[in-house]
Amino acid sequence: MKKPIITIKNLHKHFGELEVLKGINMEVRPAEIVVVIGSSGSGKSTLLRTINQLEEINEGEIWFDGEMVNKKQSYSKREKYLNKLRQHIGMVFQHFNLFPHLTALENITMAPKLLKKLSEKEALRIAERNLEKVGMLDWKDYYPSRLSGGQKQRIAIARALSMEPKVMLFDEATSALDPELVDEVNRVMKKLATENMTMIIVTHEMNFAKDVADRIVFMDEGVVVEEGTPEEIFSNPKNERTRTFLFNYLNRGAL
Amino acid sequence: MSLDFSIVPSFLDMLFEGAMWTFFLTVLSIIFSLIFGTFFAIMQLSRYRLFKFFTRFFVWIFMGTPLLLQVYLIYFGLVQIGLNLNAFTAGVIALSLHFSVYNSDIIRSGIFAVDKGHFEASRSLGLSHSQTMRKVVVPQALHMVMPALGNMMIALLKESSLISIIGVMELTLSAQRAISETFHPFEFYVTAAAIYYIFNLMLEWAIKNVEARSAKYR
Amino acid sequence: MDFELILRVFPFLFKAALVTVHVSVLSICLGLVIGSISAAANFSRYSFVRWPARFYVSFFRGTPALIQLFILYFGGPQIGINLEPMAAGVIGLGINIGAYMSESIRGAIIAVDKGQIEAGRSLGLGKLQVQRKIIIPQAARLMIRPIGVNSIGLIKGSVIVSTISVIELTFTAHRFISSTYKPFELFIAASALYLVIVSIVSFIVDRLDEHFALEV
């Protein structure tokens with residue numbers, strides 16, 4: 001078994017008085033697809049955001065590719081370090097966050113050209129390859145305002161991919177989409193899964209989770225309650241809270 | 001010539017008297033500008049095209065020209081039609097009219113922002129158009145635009161300094177009187193600025209209070 | 001209504017209007033520079049940079065422009081500042097409007113969606129790069145209208161320089177009122193000129209706003 005690319009040890013995070021993450025331990029191996037599920041307020045999005053340090057942590061350790069992410073550093077060193085770290089971790093946001101003043105193509109090529117100093121041609125090559133992968137090559141010169149939600153999210157995925165990250169984080173990537181647009185994004189994510197990308201996906205879509213995950217992590221109120229394969233979690237949950245959550249979810253869907 | 005703030009205290013009563021006149025000038029003008037502002041707002045929404053047109057034209061002119069020019073018009077101009085006003089009255093009228101047109105635009109946008117549903121509910125209960133406006137729409141509109149109206153009041157306080165030019169002995173002119181006796185403009189103008197600033201803070205405090213008080217009824 | 005008078009004074013008023021425009025343009029430019037610096041300072045990590053900026057904005061927005069001008073022109077010599085009326089007018093107006101523009105610029109920067117900043121940072125962009133490539137392009141578009149409003153306010157506010165004997169439009173109108181005792185006619189003539197100037201600026205601001213608008 002390969003060494004984990006991400007290791008989280010005893011992670012604690014507070015927002016003011018409220019403790020949102022209460023001692024998380026987790027490992028993610030290369031090419032593994034981990035899906036984190038749980039109700040709102042369970043802390044799953046916050047957990048995801050601590051991995052690329054969009055949120056700072058209060059206690060515990062996060063290790064990425066052999067290096068401790070939250071090590072003590074001077075302010076300026078830390079800024080430089082974080083910028084480099086984030087080039088290796090791609091993130092897709094619930095609300096897409098495409099840059100409205102740039103075309104789809106420019107959204108994708110901006111970071112590679114600026115940070116990796118790629119030439120126009122090289123950046124274009126990578127961008128077009130990723131646009132093709134997400135099925136949006138024809139829309140490369142469109143501004144985000146002209147695109148539907150599903151199209152925007154696919155561009156956002158291509159944008160994150162073009163930095164050639166080692167890990168992709170998906171923060172409720174389909175939660176803000178109209179139902180009929182969810183499929184096109186899920187399809188892209190499935191394709192990535194088959195290409196051995198390491199992915200951590202936070203989602204409400206249980207069917208998608210069952211379909212794509214190597215491992216499911218169920219979180220509730222800031223702790224990891226249960227982990228296992230999709231079969232283990234969905235067919236045979238061991239923990240009471242897991243069972244309650246899945247029961248409520250299924251009943252919601254049944255109506 | 002150098003700075004000497006020690007001469008200021010002996011003229012403080014002169015400045016405070018001027019400050020009182022600034023206070024009266026401001027408060028009266030604020031009140032009238034709100035009344036006229038509401039009136040002009042409703043006029044602009046009138047179904048009679050003539051009212052609407054003339055009000056909009058009046059608003060356009062008073063918004064596009066400087067207050068001081070309007071002050072000259074009212075102070076000197078009304079004499080032409082036989083109205084000889086004292087400077088204070090002219091000042092109040094000018095300030096009120098100038099700011100009433102800004103207020104009318106603000107109130108108008110507030111009226112548009114009130115949910116159509118409230119208007120429809122009121123009409124369907126049997127209230128007339130003007131009753132609906134008076135009892136349902138305008139009160140809500142006023143509440144919504146209170147911050148913007150508050151900003152206008154603060155602006156009015158500052159613009160009141162221009163009324164010194166036609167000889168009203170408010171704060172600015174009082175400072176000039178002190179200066180004419182002592183030849184120390186810097187100290188007195190800075191002191192006047194400080195008094196205006198304090199007035200400003202008091203006005204902001206009062207506005208916040210009113211906003212908070214009426215928020216209880218939401 | 002003495003139309004003949006209006007026609008007679010018009011050339012003088014027109015020349016004076018050019019002075020108004022001249023003063024306004026210079027003050028607006030100065031205001032933009034000062035306002036940008038102040039807005040940037042407002043976001044500084046260091047409180048010794050932020051506090052002076054906050055004080056500047058608070059004082060110059062909280063006191064009458066007329067008093068500020070008087071402090072500069074009449075009080076200036078006491079602290080070694082000796083300015084010609086025109087210079088004092090431009091600088092006084094510029095410093096005053098800079099405080100308002102600082103708030104307009106600051107508001108535009110804050111209005112940029114936080115998610116964009118996160119997206120930029122998640123790609124590995126540093127703080128300065130995010131500012132340059134993501135925040136500023138969008139804030140620049142958002143601030144067109146507020147700055148336009150500030151500028152129109154300044155054109156009208158430029159009358160205060162007439163009190164320190166800069167021969168601009170209102171000063172000239174007032175002189176003619178005093179000599180002809182026909183305030184209405186003068187008001188009409190002077191207003192017309194102001195309205196033209198303000199309308200032109202409004203038009204330009206509207207076109208700029210439209211041209212650079214981003215449908216979000």
Side-chain angles (χ1 to χ4, degrees), chain A residues 45 48-49 51-55 75-76 78-103 106-116 142-147 152 155-157 159-165 167-171 176, chain C residues 36 39-50 104-148 205-216:
Chain A
S45 274
L48 204 67
R49 289 155 61 90
I51 296 176
N52 67 350
Q53 293 282 288
L54 283 182
E55 303 282 356
Y75 180 82
S76 49
R78 182 148 187 77
E79 285 292 303
K80 286 209 186 83
Y81 171 71
L82 286 180
N83 293 340
K84 279 231 87 83
L85 170 73
R86 288 166 180 155
Q87 292 184 30
H88 299 298
I89 306 178
M91 187 162 214
V92 176
F93 298 85
Q94 183 176 359
H95 295 287
F96 334 125
N97 292 337
L98 291 181
F99 308 130
H101 58 296
L102 302 175
T103 62
E106 287 165 352
N107 258 274
I108 297 172
T109 57
M110 196 240 283
K113 272 161 62 178
L114 196 60
L115 301 172
K116 292 176 148 177
Y142 279 53
Y143 281 93
S145 58
R146 308 270 304 276
L147 302 174
K152 282 195 257 213
I155 299 282
I157 295 175
R159 179 176 66 177
L161 283 177
S162 297
M163 288 299 283
E164 316 207 296
V167 175
M168 284 283 281
L169 307 177
F170 291 84
D171 189 0
Chain C
S36 305
N42 245 294
F43 290 111
S44 169
R45 256 166 54 221
Y46 305 109
S47 50
F48 73 82
V49 173
R50 276 202 318 268
S104 296
I105 295 171
R106 202 173 69 95
I109 291 175
I110 292 179
V112 175
D113 182 20
K114 295 278 172 302
Q116 310 248 335
I117 300 175
E118 289 197 338
R121 304 240 49 206
S122 75
L123 287 164
L125 268 69
K127 285 209 172 127
L128 242 69
Q129 292 168 321
V130 166
Q131 271 175 30
R132 229 180 355 115
K133 295 246 147 196
I134 297 170
I135 297 181
I136 292 182
Q138 292 185 66
R141 288 162 164 91
L142 289 172
M143 70 174 84
I144 290 177
R145 190 156 286 280
I147 297 277
V205 170
D206 280 337
R207 289 292 83 76
L208 278 177
D209 206 18
E210 249 176 58
H211 184 256
F212 286 108
L214 286 169
E215 318 145 41
V216 188

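Just so it is clear, the structure is predicted and the values come from calculations on it, not from any experiment. Reminder, nothing fancy here: chain letters follow the sequence lines and each chain counts from 1.
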Chemist: Please list, chain by chain and in numerical order, all residues satisfying side-chain contact (heavy atoms from CB on, under 4.5 Å) with C:Ser44, sequence neighbours excluded.
Modeler: C:Tyr46, C:Val49, C:Arg50
Chemist: Which distance, rounded to the nearest 0.5 Å, do you find between the CD of A:Glu79 and the CG of C:Leu128?
Modeler: 10.0 Å
Chemist: Using non-hydrogen atoms only, which part of A:Leu98 is less than 4.5 Å away from chain C: side chain, backbone, both, or neither?
Modeler: backbone
Chemist: Quick one: which of A:Gln94, A:Lys84, A:Arg159, A:Gln53 has the most heavy-atom pairs under 4.5 Å with chain C, could you say?
Modeler: A:Arg159
Chemist: Quick one: of A:Leu169, A:Leu54, A:Leu114, A:Asn52, who has the most non-hydrogen atom pairs under 4.5 Å with chain C?
Modeler: A:Leu114
Chemist: Please classify the contact between A:Phe93 and chain C as side chain, backbone, both or neither, with a heavy-atom cut-off of under 4.5 Å.
Modeler: side chain
Chemist: Does any non-hydrogen side-chain atom of A:Leu115 lie less than 4.5 Å from one of C:Gln129?
Modeler: yes
Chemist: Any chance NZ of A:Lys116 has more than 12 other-residue heavy atoms, nucleotides or ligands included, within less than 6.0 Å?
Modeler: yes
Chemist: Rounded at 0.5 Å granularity, tell me how far CG in A:Leu82 sits from CZ in C:Arg121.
Modeler: 7.0 Å
Chemist: Measure distances from A:His101 to the heavy atoms of chain C and classify the residue's part below 4.5 Å as side chain, backbone, both or neither.
Modeler: both
Chemist: For A:Tyr75, which atoms come within 4.5 Å of any heavy atom of chain C: side chain, backbone, both, or neither?
Modeler: side chain
Chemist: Report, in residue-number order, which members of residues 113-120 of chain C are under 4.5 Å from chain A by heavy-atom distance.
Modeler: C:Asp113, C:Gly115, C:Gln116, C:Glu118, C:Ala119, C:Gly120
Chemist: What do you reckon, is OH of A:Tyr142 surrounded by more than 12 foreign heavy atoms closer than 6.0 Å?
Modeler: no
Chemist: Would you sort out whether A:Met110 and C:Leu123 count as a side chain to side chain contact (heavy atoms under 4.5 Å, CB included), showing the intermediate values?
Modeler: CA-CA 10 Å; A:Met110 196 240 283; C:Leu123 287 164; over 6 Å; no
